[in-house]
Every structure is written in structure tokens, then in C-alpha cells.
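Below: the structure, in C-alpha cells.
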Amino acid sequence: MSTDQGSIQTTTNPIAVVLVRTISVLGICLTVLGASGASAADGNVHASYAVSLAGLPLANATLYVALRGSTYAARVDYRVSGAMRLLSDAAGAASSTGTHKGGRFVPTGFDLDHRSGSRRQKVKLDIADDGAVKTMSVDPPAVLDSNQTPIEPKHLIAIVDPLSAFLMAAGKVEGSTQAGLCDRALSILDGLSRYDVKLEQQGAGTIVQKGFAGNTTVCRVVFKPVAGQIGETGRGRSASPDSDRILVTFGRVSTMDLYVPVSVQAQTQFGRASVALTEISVDPARSAASR
């Protein structure tokens, strides 16, 4: 395994900080379920989201998912929107590719490209079948603050990237897919941070929204920082959402056995961040290449 990585320079712009953290939560909340022991159906999903902070519009985000045979691809694009663009021009994209074998979704690559003002942060991970990082490039590298733990080789074993993290096979017990949705513990690496995530079921409901109608499952997401860009440089304060106040509502796209996030609610040091599904389209028969 080789790396080109220092720690990452944390932006001092609170809008960019909240945007990246909130989009990270959206990225890890992608879940594929199928019949027990089977893979999800081929097809494409295109979902649009509105991101707000303290009740004010912050950004727009788009999630793309494509499943083709034994391969998958996922991508999240995001950009500051509305009046917030007067304060920040933060935008970026994260993408992941991999394979699914025997009900397991295994990432092989992850890319992140974040831009804010004159700053640009790029990450590229090459991942082996066993979850070990073969190569990691972080550009530009920077020096972590004294309160932050560097990402070391021991942190690069048995990981998944944030977009692949919740791609998974069906619940192992027949009829328990909704319970299984919130029964996950994962070790996640995005190149900037290494953290553990655990989901706990909070409830269930239904939703009727443009392009989507059906049952929903609510999970509480608990973050445990491990290493890397955790907290605000020079201040020792966490820029991550409060792990006791992150709730994600999933809705099921039955034609592809795919669960997607319908909403995310997270408390940050800058106020409550919210991600809400505004539109979704599903094409289970389309054979064109993934976006």
C-alpha cells in the first residue's frame, strides 16, 4: 500500500464545512437490498435533494446510482445554491465504483473533488477486494492540528468508502429487511477522515412524494471519529454533526430493491442541517452507461 497523504487543510468557511459534512452523511446513506441471497436489479436511479442550514437554503445535491450485472457505480454532486452563493461557491463531486459478489458490495475505487474559492481538494482511493487501501492520493496534503490524529496504515485496513458503505445484500432473515437496514456497523474512509458508523433503528412510516411513494425506515446514525480531518483546525471543536442527533429516513425503490435516503436531519455547531428528497426517477430497464 502506498499513500500520498498528509492531513487535510480544514476550510475556515463554515458554509463549506457544513456542506461537506452533510453531503458525507447523504453519501453513506445509500442502501441496496434484494431478495434474500440475491443481488439488486439492474437499472439507474437519479435523485435530487435540497440542503438547508438553520432553515435557510444552503445547497442542491444529486445522487446517481447505476447497477449493471456484477458492477455498480454511485455519484453525488453538490453545489451551494441561492443567496448562500454570495458567501461561498463551494461545490464538488464524490464517486465510487465496485463489484457485488454473493450479496456483498465491494468498492474498488473512490474519488472526491471539492472546490471552495481558490481551494481545491482531490482524493483518490484504490481499494482491494478485502477492503485494504492499495493506494491513496490526497492533493494538496497539509499538516494536521495537534488535536487531530494522522491517518496511518493501520487505519487503511477493512474499510469502505462513504458511497459504498451502505450498499449491501438483503436482510439475512426472510422478511426482516427493514430491521436489517438499521443494523449496520462500518469502518469508513474518505481520504480526509477515518471514522466508524453505527446505525440504530428508530421507527417506520410512509411517504408520498414526487416520483416516490412507499414505506420508510428511520435510522439513528452514530459517528465515532478515528483519525484524520476530525474537528476544526486550531480550535479543537468538532465540525462533524452531533452523533446523537443524526436521523436518516430511507425509502424503498421496489423496482430495483434499492433504498435511498428520503431525508437527513443533523445538528451541527452552526445549526440544524437538513437534506430533503425533492425528486427521484428510476429506470430499471435502461442499459446505457452509468453517469
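Given the structure is predicted, the values throughout are model-derived calculations rather than measurements. Sequence positions, counted from 1, serve as the residue numbers for this chain.
Under the 4.5 Å side-chain criterion, counting only non-hydrogen atoms from C-beta, Lys124 is in contact with Asp111. At least one side-chain heavy atom of Ile151 sits under 4.5 Å from a side-chain heavy atom of Leu189. A 4.5 Å side-chain heavy-atom check between Arg115 and Arg79 finds at least one atom pair inside the cut-off. The shortest distance between side-chain heavy atoms of Thr149 and Val226 does not fall below 4.5 Å. Residues Gln201 and Asp183 have side chains not in contact (no heavy-atom distance under 4.5 Å, counting atoms from C-beta outward). Side-chain contact between Gln265 and Ser274 is present, with heavy atoms from C-beta onward closer than 4.5 Å. Counting only heavy atoms from C-beta outward, the side chains of Tyr64 and Asp77 approach each other to under 4.5 Å. Using a 4.5 Å cut-off on side-chain heavy atoms (C-beta onward), Val45 and Ile280 make contact.
Annotation for Tyr72 and Val106: closest pair OH-C, 3.5 Å, computed over non-hydrogen atoms. Between Asp89 and Ser116, the closest heavy-atom pair is OD1-C, 3.6 Å. Contact between Asn60 and Ser81 at its shortest, heavy atoms only, is ND2-CB, 3.5 Å. For the residue pair Gly271 and Leu53, the shortest heavy atom distance occurs at O-CD1, 3.8 Å. Of all the heavy atoms in Gly43 and Arg68, the pair that sits closest is O-NH1, 3.1 Å. The two residues Ala61 and Val51 come nearest to each other via the heavy atoms CB-CG2, 4.4 Å.
Salt bridge status for Asp139 with Lys122: absent, with no side-chain N to carboxylate O gap under 4.0 Å.
Partners of Ser95 according to the side chain to side chain donor-acceptor pair (under 3.5 Å) rule, which considers only residues two or more places apart in sequence or in another chain, do not exist here. Residues that satisfy the salt bridge (Lys or Arg N to Asp or Glu O under 4.0 Å) test with Arg272, not counting sequence neighbours, are absent from this structure. For Asp126, the salt bridge (Lys or Arg N to Asp or Glu O under 4.0 Å) partners two or more places apart in sequence, or in a different chain, are Lys134.
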Side chain to side chain contact (heavy atoms under 4.5 Å, CB included) for Leu163 and Val76? Distances and angles first, verdict last.
CA-CA 8 Å; Leu163 287 185; Val76 172; 3.7 Å; yes

Trace of the side chain to side chain contact (heavy atoms under 4.5 Å, CB included) decision for Phe250 with Leu199
CA-CA 12 Å; Phe250 292 97; Leu199 270 74; 4.2 Å; yes

Report the C-alpha separation of Ser96 and Asp161 in whole Å, then their side-chain angles, then the decisive distance to 0.1 Å, and conclude whether the side-chain hydrogen bond (donor to acceptor under 3.5 Å, both in side chains) test is met.
CA-CA 8 Å; Ser96 176; Asp161 69 81; 2.9 Å; yes

Which is it for Arg184 and Cys219 under the side chain to side chain contact (heavy atoms under 4.5 Å, CB included) test, yes or no, and what are the steps along the way?
CA-CA 10 Å; Arg184 301 283 287 164; Cys219 305; over 6 Å; no

Kindly determine whether Thr249 and Gln202 satisfy side chain to side chain contact (heavy atoms under 4.5 Å, CB included), including the steps that lead there.
CA-CA 9 Å; Thr249 300; Gln202 296 295 294; over 6 Å; no

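By the rule that hydrophobic residues join a cluster once side-chain heavy atoms approach within less than 4.5 Å of another member, Ile159 and Leu186 end up as members of one cluster. In this structure, Val123 is a member of the same hydrophobic cluster as Ile188, with clusters built from ILVMFWY side-chain heavy atoms closer than 4.5 Å. Each of Leu247 and Tyr49 belongs to its own hydrophobic cluster when Ile, Leu, Val, Met, Phe, Trp and Tyr are linked at side-chain heavy-atom distances under 4.5 angstrom. No single ILVMFWY cluster, assembled from side-chain heavy atoms under 4.5 Å apart, contains both Val221 and Val218. Linking ILVMFWY residues whenever their side-chain heavy atoms come closer than 4.5 Å, directly or via other members, places Leu277 and Ile207 in the same cluster.
The closest side-chain donor-acceptor pair between Ser187 and Tyr195, if any, does not fall under 3.5 angstrom. Under the 3.5 Å distance criterion, with hydrogens and angles disregarded, no donor-acceptor pair is assigned to the side chains of Thr278 and Ser48.
Relative ring orientation between Tyr78 and His114 is described as parallel, the plane-to-plane angle staying below 30° on a 0-90° scale split at 30° and 60°.
A donor-acceptor contact shorter than 3.5 Å links the side chain of Asp130 to the backbone of Ala132. Asp196 places no side-chain N or O within donor-acceptor distance of the main-chain N or O of Lys224, the cut-off being under 3.5 Å.
His46 contributes atom NE2, which lies 11.0 Å from atom CZ of Arg75 (distance to the nearest 0.5 angstrom).
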